[in-house]
Asker: 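Could you have a look at this structure, given as structure tokens, before my questions?
Residues: numbered from 1 along the sequence shown.
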Amino acid sequence: MIDPDKIISKVIEAAIAAGKFIETEGNNFDITRIEYKGKNDLVSYVDKQAEKLLLESLREILPEAGFIAEEGSGKKNERGLNWLIDPLDGTTNFMHGLPFFSVSIGLMEKSEVILGVIYHISDHNCYWATKNGKAYCDGTELHVSDVRKFEDGLYITGYPYS
């Protein structure tokens, strides 16, 4: 059994490194290099290269773990640990210059998620949590609000419910 708290800092480093690559490529993105996995399912060389970078980094952390990756790299471990990777979560936004995309990484032990890291590239915020642990944004603990009515809250968009 793996202790996710002992590896989370290395996973965060991997997410940030992939995010820096994506950010650099975004500054000179070549839209002619877009591929289609499906009608509205885009992929680019940036997705694929970022996934390769993540596989290399995450293999160093847990060589025995398999991969369930958005772009199909790696091989799933049918009996144990598996990294869940979306190297460029929000590819369409990235390709259109909208600043809403991230690197998303999870780790499953059998069928249970035991850690997650989201690195939001455009604002350089990193969110993470571990099973039975707390959730953080850039080291600051996140808390659930005490808002009682749905319409009084702010949601992931940062805008009030309407």
Asker: With sequence neighbours left out, what residues match Glu64 under side chain to side chain contact (heavy atoms under 4.5 Å, CB included)?
Answerer: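 In terms of side chain to side chain contact (heavy atoms under 4.5 Å, CB included), with neighbours along the sequence ignored, Glu64 is linked to Leu62, Leu81.
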Asker: Please set out all donor-acceptor pairs under 3.5 angstrom arising from side-chain atoms of residues 5-17, sequence neighbours excluded.
Answerer:
residue	atom	partner	partner atom	Å
Asp5	OD1	Thr130	OG1	2.8

Asker: Atom CG in Leu107, atom CD1 in Ile114: separation rounded to 0.5 Å?
Answerer: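 With rounding to 0.5 Å, CG (Leu107) is 4.0 Å from CD1 (Ile114).
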Asker: Which of these passes side chain to side chain contact (heavy atoms under 4.5 Å, CB included) with Phe94: Ile121, Asp47, Leu88?
Answerer: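 Only one option passes, and that is Leu88.
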Asker: List, by chain and then residue number, the residues other than Val113 in its hydrophobic cluster (Ile/Leu/Val/Met/Phe/Trp/Tyr, side-chain heavy atoms under 4.5 Å); write none if there are no others.
Answerer: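 Via sub-4.5 Å side-chain contacts, Val113 links to Ile68, Leu84, Met108.
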Asker: Which residue pairs satisfy the side chain to side chain donor-acceptor pair (under 3.5 Å) criterion with at least one member in residues 100-115, sequence neighbours excluded?
Answerer: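 For residues 100-115: Asp89-Ser104, Glu112-Lys131.
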Asker: Any donor and acceptor pair, going by atom type alone, linking the side chain of Asn77 with main-chain N or O of Asn82 inside 3.5 Å?
Answerer: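 Absent.
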Asker: Return each pair, listed once, that meets ring-ring contact (aromatic ring centres under 6.0 Å, His included) where at least one residue sits in residues 106-134; pairs must be two or more places apart or across chains.
Answerer: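 Qualifying pairs, neighbours excluded: Trp128-Tyr136.
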Asker: What's the shortest heavy-atom distance between Leu55 and Ser73, and which atoms?
Answerer: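 Scanning both residues completely, I find the closest heavy atoms to be CD2-CB, 3.5 Å.
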Asker: Tell me who clusters with Met1, hydrophobic residues only, linked when side chains sit under 4.5 Å apart either directly or through other members.
Answerer: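 Once heavy-atom contacts under 4.5 Å are chained together, Met1 still belongs with nothing else.
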Asker: Between Glu70 and Pro87, which heavy-atom pair has the shortest distance, and what is it?
Answerer: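 Minimum heavy-atom separation between Glu70 and Pro87: CB-CD, 3.8 Å.
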Asker: Which heavy-atom pair separates Leu58 from Phe67 by the least distance, and what is that distance?
Answerer: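 Heavy-atom minimum between the residues: CB-CE2, 4.0 Å.
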